[in-house]
Amino acid sequence: MNSEYVIEVDGLKMHFPLRDGLFGQETGQLRAVDGVSFKIRQGTIFGLVGESGSGKTTVGRTLLGLYDKTAGSVRYRGRALENLTAKEFRALRPKMQLVFQDPYSSLNPRIRIGDAIGEAMLEHKLCTRAELRDKVIEVMKICGLAPQHYNRFPHEFSGGQRQRIGIARALILNPDFIIADEPISALDVSIQAQIINLFADLRDERGVTFLFISHDLGVVEHLCDDVAVMYLGQLVETASRDTLFSRPLHPYTQALLAAVPTMDPDSEPVEVVRGEIPDPSRPPSGCRFSSRCPQASARCHQEIPALREVGDAHRVACHLVDGTNDRT
Ligand code: SF4
C-alpha cells in the first residue's frame, strides 16, 4: 500500500444504457465516464474541472459506490473498494463523505438541524444518544454555525448556512476524504469565500483530503493543490495547480483558462469554448475534442491521443504535445 495516496482511481468507466421502444430495448450507451485514472495525495485538495456535461459529477458518485461502475478500480488507502464485502464497505463509508451543491434538497424540512447533523452518527452507531448533542454542537462551531441553531428547521437558514449544515453533516462522521461537488456555485461571492476558507482549514488543520468538483477555475486556482481537466468522459490534462495554471498545454485547458474573468473592468467576456459539448453517447472519432478544437488536424479526427506524461506529474492527451509533434 502506498500511504501517500488516499484515493487511487484506475481506468474508471461508468456507462449508462440508453433505452427506447415499447420494451425498453437498449439502443446505445451514454459513456459518462470513459477510462479515467488519477490519484489524490493525502491532505490535499484535488480539483476536477470541466464544463457541465463533462462527467465530473458521475466520477464523484461512482467513486463513492453510488453507481455500479462499468469498469476500473477505486482504491481507498490501498484497499480496492470493489473487493470489499457489503459489511466492510459500510464500515468504511463514514470515512468518505459527499457534500452536494444543494444541501437543502437532502434536508427533511420537518427535522431540526441538530438532529439532521447527528442522525448519521446514530445510524453508524458511532456514539450514544446522550453523547450526540455535544458532538453536534462541536461540529456546528467548526462549520461556523451557532449552538442556538440546533433546534431550528432548514427553512430558517440562508443558502450559505445550509451549505455549512451540509458540511457539518459530512464532518461529524470524522471523514478523511470528502467529495465536494460544486459546493459553492449556488452561493453569493462573499459566502463562497467563507466556505472555501473552511475547506482550506479542514485540509491544513485536520488533514482532510478532498476531491473538489467545479467548473470555476478561479476558485480551483485559489484552493486546489492538483488539478485534472475533464472533457466528454475523459481526462485531457492533469498537473499540479501551479503547472496547470502557468503552463497549460491542452487546447481545451487553454480555452477554459482564457475564459476565466479578470479584474480588468474593460476586458471583454470570452466564450468558454466555441460550440456545444457533444453527446456522450456519440463522441467524435479520434480526439474527443476534435469537433471544437481550433488546432485540430486530420490526424486528430482519426487517432485517439493517449494521456501521456510530459513533465513532472504533468499529463496531457493531445497529439500536439505527445512528443512526436511537440510545440513546447
Ligand atoms: Fe486538438 Fe488534436 Fe490536440 Fe485533440 S489532439 S486537442 S483535436 S490538437
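We count residues from 1, following the sequence as given. In each ligand, atom 1 is the first atom listed, and ligand 1 is the first ligand listed.
- D226 has no carboxylate O lying under 4.0 Å from a charged side-chain N of R241, or vice versa, which leaves the two without a salt bridge.
- Evaluation of the side-chain hydrogen bond (donor to acceptor under 3.5 Å, both in side chains) test over residues 54-63, restricted to residues two or more places apart or in two chains, returns T57-D181.
- When every heavy atom of A239 is checked against every heavy atom of H314, the shortest pair comes out as CB-CD2, 3.6 Å.
- Using a 4.0 Å cut-off between charged side-chain N and carboxylate O, R77 and D176 make a salt bridge.
- Of all protein N/O/S atoms, those under 2.8 Å from atom 4 (Fe) of ligand 1 are C287 SG, and waters are not counted.
- In terms of the salt bridge (Lys or Arg N to Asp or Glu O under 4.0 Å) criterion, residue partners of E119 (sequence neighbours excluded) are, by chain and number, R169.
- Among pairs with a residue in residues 132-142, none fulfils side-chain hydrogen bond (donor to acceptor under 3.5 Å, both in side chains), at least two apart in sequence or across chains.
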